[in-house]
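Beneath this line is the structure, given in structure tokens, with notes to follow.
We name chains A, B, ... by the order of the sequence lines, and we start the count at 1 in each one.
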Amino acid sequence: MSDSQRRLRIVVAKPGLDGHDRGAKIVARALRDAGMEVIYTGLHQTPEQIVATAVQEDADAVGISILSGAHMTLVPRIVELLEREGAEHVLVTVGGTIPAEDVAELKARGVAEVFAPGTSTQEIVEFLRSAAGESSSEAQAEAAARGS
Amino acid sequence: MGSQTNGAPHTTTEPAEGALERWRESYGSTPERDVAFKTLGGIPVEPLYTEADLPVDRQASIGLPGEYPFTRGVYPSMYRGRLWTVRQFAGFGTAEETNERFRYLLDHGQTGLSTAFDMPSLMGYDSDHPRSEGEVGREGVAIDTVDDMETLFAGIDLGEVSVSMTVNAPAAIMLAFYVVAAERQGVPPEGLGGTIQADILKEYIAQKEWCFPIDPAMRLLGDMIEWCSRNMPRWHPVSISGYHIREAGATAAQELAFTLKDGFTYVEQAVERGLDVDDFAPRLSFFFNAQIDFFEEIAKYRAARRIWARELRETYGAKNPKSWLMRFHAQTAGVSLTAQQPLNNVVRTAIEALAAVLGGTQSLHTNSYDEALALPTEEAVRVALRTQQIIAHETGVTNTIDPLGGSYFVEALTDRMEAAAYEYFRRIDELGGMVEAVKRSFPQREIANAAYDLQSEIDSGRRIVVGVNAYTEGDDDDTPLHRVDPALERKQIGRLQAVRARRDASAVEHALAEVKAAASAQMNLMPALVEAARVHASEGEIVEALQSVWGSYTETPVF
């Protein structure tokens with residue numbers, strides 16, 4: 001990554017009522033160590049709070065960590081609210097215990113990637129660099145300038 | 001070692017220096033595998049332990065089962081007298097579905113019940129609260145009012161069965177529901193046996209399900225412990241829990257240290273309230289994780305018993321030997337289960353369960369192999385249950401008491417765990433005690449660092465997790481999963497609204513006013529909570545009443 005490239009800004013979010021924050025905090029720290037700007041929302045956030053944070057922080061991506069089983073209720077709502085706020089360019093990823101059939105459904109509803117338990121932090125870093133890097137407009141312009 | 005063994009006579013003195021030197025030389029001449037020889041928690045492990053690694057005063061440190069300091073077990077006969085209680089944690093959907101699962105478990109040989117509550121119930125929200133949407137009955141059973149509690153135990157004699165309830169922040173409210181549900185079965189509070197988790201400090205440290213700020217939450221717990229010590233002599237009013245601390249990423253030594261320190265804090269609070277330590281300490285119980293590093297876990301349980309006995313006797317002046325006993329429940333490590341190749345989890349769980357048994361547990365929950373994917377299916381629960389029965393009846397490990405006692409390695413590791421715990425006690429005391437340390441995020445930060453370090457080892461391949469970062473071929477994703485029917489949420493909301501419609505609204509209003517008054521007035525809250533339960537006030541209404549006096553809690557996260 002060149003120094004002139006804008007650092008990716010990632011909101012790590014914990015929606016729902018579960019308190020399982022081990023994964024979210026590990027990912028937040030790994031992304032920070034990889035040179036990204038990380039905003040961790042803390043626990044028990046509503047979709048509205050998460051989207052407000054994403055918009056206010058001008059995030060490139062929102063990484064949602066959820067282990068409460070409420071992902072099919074809460075994740076699509078976050079995607080919809082981002083659209084409503086004109087922030088549909090913000091990449092949405094999910095981590096947690098998500099059954100395979102729900103993964104397909106979430107992707108169909110606009111989630112870029114679902115990281116299953118056991119995913120390494122490098123995989124997440126690499127995915128965000130390539131996917132959020134592409135969707136962030138400045139990075140796009142830079143990519144165009146480089147002709148890639 | 002038996003002194004009257006047959007066969008060749010042998011000496012039991014330390015290996016002669018010459019012999020040890022000879023072994024060192026031959027060991028040094030063979031290359032070691034290129035891995036870090038250390039426990040899961042990072043404690044370095046030597047290639048060989050000998051008699052020189054045993055504690056200096058063996059009788060005082062190791063002793064005998066059922067005798068102070070209880071390193072070898074809390075009872076003189078251990079599993080030769082009575083096996084551990086098989087206690088599988090269960091709960092999903094509404095009280096009706098969980099009641100069915102409870103009866104299934106009792107029919108299959110389970111000997112105690114353990115209730116998992118859903119997230120809204122753990123956080124003090126009613127099922128029809130907007131924050132509850134999508135969460136009702138997902139990770140446990142939804143309990144809104146005393147009516148749900150009655151349904152949960154319908155057809156199960158609460159005077160006979162021992163019931164454990166895994167609920168913390170609103171524990172006092174759930175206990176009030178339970179007491180009233182039992183009252184309707186004709187069982188008085190003094191006839192109830194079981195445990196409520198109610199370990200609020202570990203919520204702020206690790207599990208993160210809270211309703212109130214720390215200080216009033218500690219007071220509510222104190223009220224409950226005090227009330228139970230006077231009204232429920234067979235009840236364990238708090239289960240001091242390392243399980244969730246470990247799941248959040250703590251090492252074995254951190255689990256041991258933070259859990260015991262939480263326990264000492266509850267003892268100190270109860271003594272400050274004027275209770276005699278011997279009036280409540282025999283009713284304190286513990287809950288530990290059983291992780292995959294076999295010997296480290298066994299050493300942890302043995303060290304825990306020894307520290308608890310010593311501190312209760314020496315520091316807190318308990319005179320009743322029952323106050324010195326650390327009795328504990330163990331659960332295999334959810335976090336050790338992998339979503340990849342889920343059948344491998346049967347093996348992990350069996351090894352972890354064996355560690356808990358060899359560590360002298362009083363009751364045990366074995367996880368199901370599919371739990372990294374979803375709540376367990378009935379088939380997976382059955383395999384988990386059978387795992388315990390195989391250990392109990394086929395392996396022979398229950399034939400003798402503490403078969404690992406005296407093992408050079410196990411005793412050395414036990415001492416090492418004990419020393420690590422005391423080092424943490426010292427650091428926590430320097431911060432002004434556990435409540436202050438938690439407010440300053442000390443244990444939270446230690447746990448986050450340990451979790452990150454372990455993940456880095458796995459990500460770099462320095463630590464192998466089979467099926468995840470090695471031996472990854474052959475993963476199948478056709479494991480049948482338990483699905484919670486989304487219609488159950490609507491069903492539960494219907495149950496709650498029916499209760500609201502038929503109860504006496506003015507009685508509820510009055511009871512909630514009494515709850516607020518008791519909260520403001522520093523009087524014991526339990527009588528007001530029991531009365532609110534009796535008139536069908538909901539959990540969410542009672543929590544809101546308390547929050548109107550105490551406020552709520554927001555964490556400043558550290559990572």
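If you tally non-hydrogen atom pairs under 4.5 Å between each of B:Q455, B:R138, B:E139, B:E135 and chain A, the highest count goes to B:E135. When the candidates A:I98, A:T121, A:L74 are compared by the number of heavy-atom contacts under 4.5 Å with chain B, A:T121 comes out ahead. Counting heavy-atom pairs under 4.5 Å between each of B:E203, B:E247, B:E371 and chain A puts B:E247 at the top. For the set B:E555, B:M119, B:H244, the count of heavy-atom pairs under 4.5 angstrom toward chain A peaks at B:M119. Between chain A and the residues B:A206, B:G249, B:S132, B:P130, the largest count of heavy-atom pairs under 4.5 Å involves B:G249.
Both the backbone and the side chain of B:E133 come within contact range of chain A, judged by heavy atoms closer than 4.5 Å. With a 4.5 Å cut-off on non-hydrogen atoms, B:L481 touches chain A through its side chain but not through its backbone. Contact annotation for A:S120: both backbone and side-chain heavy atoms come within less than 4.5 Å of a heavy atom of chain B. Contacts between B:Q207 and chain A at a heavy-atom distance below 4.5 Å involve the backbone alone (N, CA, C, O). Looking at B:A372, the atoms closer than 4.5 Å to chain A (heavy atoms on both sides) all sit in the backbone: N, CA, C or O. Interface remark: A:E123 contributes no atoms to any contact with chain B (heavy atom separation under 4.5 Å). For B:V335, the part sitting under 4.5 Å from any heavy atom of chain A is the side chain, from C-beta outward, and nothing else. Both the backbone and the side chain of A:A28 come within contact range of chain B, with heavy atoms under 4.5 Å apart. Using a 4.5 Å cut-off between heavy atoms, B:A374 does not touch chain A at all. Interface remark: A:H71 contributes no atoms to any contact with chain B (heavy atom separation under 4.5 Å). For A:A30, the parts lying near chain B are the backbone and the side chain together; criterion is any non-hydrogen pair under 4.5 Å. Heavy atoms closer than 4.5 Å to chain A are found in both the backbone and the side chain of B:P120. Neither the backbone nor the side chain of A:T41 comes within less than 4.5 Å of any heavy atom in chain B. Neither the backbone nor the side chain of B:D370 comes within contact range of chain A; no heavy atom of the residue lies under 4.5 Å from a heavy atom of that chain.
Judged by distance alone, the side chain of B:N344 and the main-chain N or O of B:G467 form no donor-acceptor pair under 3.5 Å.
When all heavy atoms are compared, the tightest approach of B:A169 to B:F212 is O-CE1, 4.1 Å.
No side-chain donor-acceptor contact under 3.5 Å links B:S456 and B:R462. Counted by atom type alone, B:Y369 and B:E379 present one or more donor-acceptor pairs between their side chains at under 3.5 Å. Using modelled atom types and a 3.5 Å distance limit, the side chains of B:Y452 and A:D33 yield a donor-acceptor pair. Side-chain contact check for B:T259 and B:D262: no donor-acceptor pair (N or O, by modelled atom type) lies under 3.5 Å. In this model, a donor atom of one side chain and an acceptor atom of the other lie less than 3.5 Å apart for B:D144 and B:Q492. Of the N and O atoms on the side chains of B:N367 and B:T349, not one donor lies less than 3.5 Å from an acceptor on the other residue.
Cation-pi geometry between A:R29 and B:F559 is not met at under 6.0 angstrom from the ring centre and within 45 degrees of the axis.
Between B:T472 and B:Q340, the closest side-chain pair of non-hydrogen atoms is not below 4.5 Å.
Between B:Y204 and B:Y553, the two ring planes are perpendicular [angle over 60°; tilted spans 30° to 60°].
Taking the charged nitrogens against the carboxylate oxygens, B:R131 and B:D126 have no contact shorter than 4.0 Å, which rules out a salt bridge.
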